[in-house]
There are 2 protein chains.
Amino acid sequence: MKRSNAQRLRDALEDDIINGRRAPGERLEPEALCRDFEVSRTPVREAIQQLVASGLVTVSPKKGTFVARVGLDQLVEMFEVMAELEGMCGRLAARRITEEELDALREALMRCEAAAKAGDTDEYYYENEGFHHAIYAASHNGFLAEEARQLKQRLKPYRRLQLQVRKRMGRSLDEHREILAAIEHGDAERAERLLRAHVVIQGERFSDFVSSVRRFGARLDAV
Amino acid sequence: MKRSNAQRLRDALEDDIINGRRAPGERLEPEALCRDFEVSRTPVREAIQQLVASGLVTVSPKKGTFVARVGLDQLVEMFEVMAELEGMCGRLAARRITEEELDALREALMRCEAAAKAGDTDEYYYENEGFHHAIYAASHNGFLAEEARQLKQRLKPYRRLQLQVRKRMGRSLDEHREILAAIEHGDAERAERLLRAHVVIQGERFSDFVSSVRRFGARLDAV
DNA sequence: AGCATCGCTGATGTATACATCAATAGACCC
DNA sequence: GGGTCTATTGATGTATACATCAGCGATGCT
C-alpha cells in the first residue's frame, strides 16, 4: 500500500520521538522538516497536527512546535491510567484467552527469558512489549487493546527508564511468569492485580522511578 | 480568543454528530461544507482529519467521508472500557475528594433530582453529565478525567439511547445517590463497583441496551 | 530614562492550482 | 457475449502564493 508523505513523515517523527532520537522539549522546525523530507509545508503541517492529536507534540502559537514534555505530575497520572488499563487487559484475558493465544503468550514469555538470559536490555525491552501486546490481544476487546497500545506509545519516551533501574529486568521477568500463571489458571483478579503492580509506578518502586525521571528531566532541561 | 475556521468547523461538526443532527453512517460532503461555511477545502480537510483522529468520523479512501458508525461489537467494547474508567474515577474520587468537591458533587446530585422530579429527560441527561464530570474532577487525575470525557463524547451519539429505556431515569438517580454515599464514606471499592455497574452495559440491562441499539441501527440503515 | 506606539518579521491560516490515484464505465478484442 | 483493458472522472494529496496575526524590537515622545 502506498502511504502519503504526511503519513510517512508522521511515522518517522513518531518513531524519532518514541525512541529518544528527539528528546522531550526539543524544537521541531517545520522548514527543516520540509527540506529533510523534500516536501512542502502542507504534509509537514498535517503530520504535526496528527502528532499533536496523539499527544506527542505540542505547539505554542507563534512560538513554535516542540516535542511534548510532560510534567512529572502528568506522567504519574498517565502511569496510573496505564496500570488500570493493563490490569483490565489482564482480567479480561484471564477469562477469555484461547488456547492459541495462550501458546502465543507462553512463547512471548520464552523470548523474554532468552533476552534476559542473554542480558540484552534492548532485546528484552522489545520482547517485553510483545508479551504485553499478547495480553492485550487476549483481552478480546480490540478497543481496549488499541487504547492501551496508544497510551503505551505515548509513555514510551519515559518507559525506557524503567528497565534501567537495577535488577528491574529480572524482577520484570519473574512478574511475567506470575502473570502468565494467573492467566493460565483463569484467575482474573490475580492477573489484574499483578499487571497493575507490574506497571512501575506503585509501592517502593515509585520513588526510584521518580528520581529516574527527575534525573532525566534535569538532563533535558540542559538541552 | 479568535478561533480558526478549521476549529469552528470542527466544533460545529462534532456538535452536530454528538447531538444526533448528523446520524452515524451519514455522508459528509466536503464541497457542501465548503459552501455552507464559506471556506476553502483546506480548513474543511483539517477539521475532518481532526474528527477522524477523535474517532467520530471515518474516511473510505476514494469513497467518501462518513459519520463513524461503530458496530455493535465495538460499541460493547467501548462501553466496557467506559465502565472501567468510570469505576477508576470513582475509586480515586472516594479517596481523594476534597470538601469543596464533595459540595459540588452534592449540588450536582440535587440538580439531577430536580430534573428527574420535573420529568425533564433532556435536562436530566445534561445534569447527569455534570454529576459524572464532578466525579472525574474529584479523581485528581487530570489525564484520566480527560480520557473519560473524550470517550464519553465519543459514545454520546449512542448513550442518549440509555435513558430512554423505561424507568432508567429513576434508577439512574437512585444509583447516583448510592455513589455519592460511597464517595462520602470514602469507600473506594464500593464507589468503583457502583460506577462500573452504572454504565449500562452489564447484567440484565445489557440485552435491553443491545436491542435499543439494534433498533437504532436498523433505523440508520434505512437512511 | 522610561514608556508607548509603530512597523517589521516570522509564524500561522487559507485559498487555489496542480498532480496523482483509484474506481467505474465503456469499448474493444477474443 | 463476456472478459479485460483503458480512458475518464472525481476524490485525494501536494505545492505554492497570499492574507493575517502576534511578538518583538526600534524609535520617538514625554
Side-chain angles (χ1 to χ4, degrees), chain A residues 1-17 21-70 220-221 223, chain B residues 1-17 22-71 220-221 223:
Chain A
M1 168 178 174
K2 191 130 185 156
R3 306 173 55 68
S4 73
N5 285 340
Q7 289 303 312
R8 288 192 298 103
L9 185 47
R10 177 197 176 286
D11 289 346
L13 286 175
E14 181 175 289
D15 199 60
D16 278 359
I17 294 170
R21 285 188 296 281
R22 291 180 192 270
E26 185 177 329
R27 182 183 206 108
L28 289 178
E29 300 190 33
E31 297 183 15
L33 296 173
C34 286
R35 270 184 280 106
D36 294 349
F37 285 82
E38 297 178 324
V39 295
S40 76
R41 268 185 52 220
T42 307
V44 171
R45 179 184 170 83
E46 203 158 300
I48 287 179
Q49 282 177 342
Q50 290 184 36
L51 291 170
V52 169
S54 72
L56 283 172
V57 162
T58 56
V59 305
S60 305
K62 307 290 178 183
K63 289 296 182 62
T65 77
F66 305 85
V67 176
R69 163 185 255 148
V70 301
L220 288 178
D221 286 335
V223 171
Chain B
M1 170 177 171
K2 190 130 185 150
R3 304 172 57 67
S4 74
N5 285 339
Q7 288 304 312
R8 288 193 296 102
L9 185 48
R10 176 197 176 287
D11 289 344
L13 286 175
E14 182 176 288
D15 199 60
D16 279 358
I17 294 170
R22 292 180 192 270
E26 184 177 330
R27 183 184 205 107
L28 289 178
E29 300 190 29
E31 296 183 16
L33 296 174
C34 286
R35 271 185 279 104
D36 294 348
F37 286 82
E38 297 179 324
V39 294
S40 77
R41 269 185 51 218
T42 307
V44 171
R45 179 183 170 83
E46 202 157 302
I48 287 179
Q49 282 178 341
Q50 290 184 35
L51 291 170
V52 169
S54 73
L56 284 172
V57 162
T58 57
V59 305
S60 305
K62 309 289 177 185
K63 290 295 183 62
T65 77
F66 305 86
V67 176
R69 163 185 256 150
V70 301
L220 288 178
D221 286 335
V223 171

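Basis for what follows: all heavy atoms, side chains included, without hydrogens, waters or symmetry-related copies. Naming convention: chains lettered A, B, ... in sequence-line order (proteins, then strands); numbering from 1 in each chain.
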Between [atom2] on [N] and [atom1] on [X], what's the gap in Å once rounded to a whole number?
{"X": "Phe37(B)", "N": "dA15(C)", "atom1": "CZ", "atom2": "C1'", "result": "18 Å"}
{"X": "Arg35(B)", "N": "dA15(C)", "atom1": "CZ", "atom2": "P", "result": "15 Å"}
{"X": "Leu33(A)", "N": "dA15(D)", "atom1": "CG", "atom2": "P", "result": "13 Å"}

Contact string for nucleotides 8-14 of chain C, one letter per nucleotide 5' to 3', B = base within protein heavy-atom range under 4.0 Å, S = sugar-phosphate only, - = neither, reads ---BBBS
For [X], which residues count as a side chain to side chain donor-acceptor pair (under 3.5 Å) partner, sequence neighbours excluded?
{"X": "Arg27(B)", "value": "none"}
{"X": "Asp36(A)", "value": "none"}
{"X": "Arg45(A)", "value": "Glu46(B)"}

With Asp15(B) via side-chain contact (heavy atoms from CB on, under 4.5 Å) - residues at least two apart: Asn19(B), Arg21(B)
Show me the pairs that pass side-chain hydrogen bond (donor to acceptor under 3.5 Å, both in side chains) and involve residues 53-65 of chain B, at least two apart or across chains. none
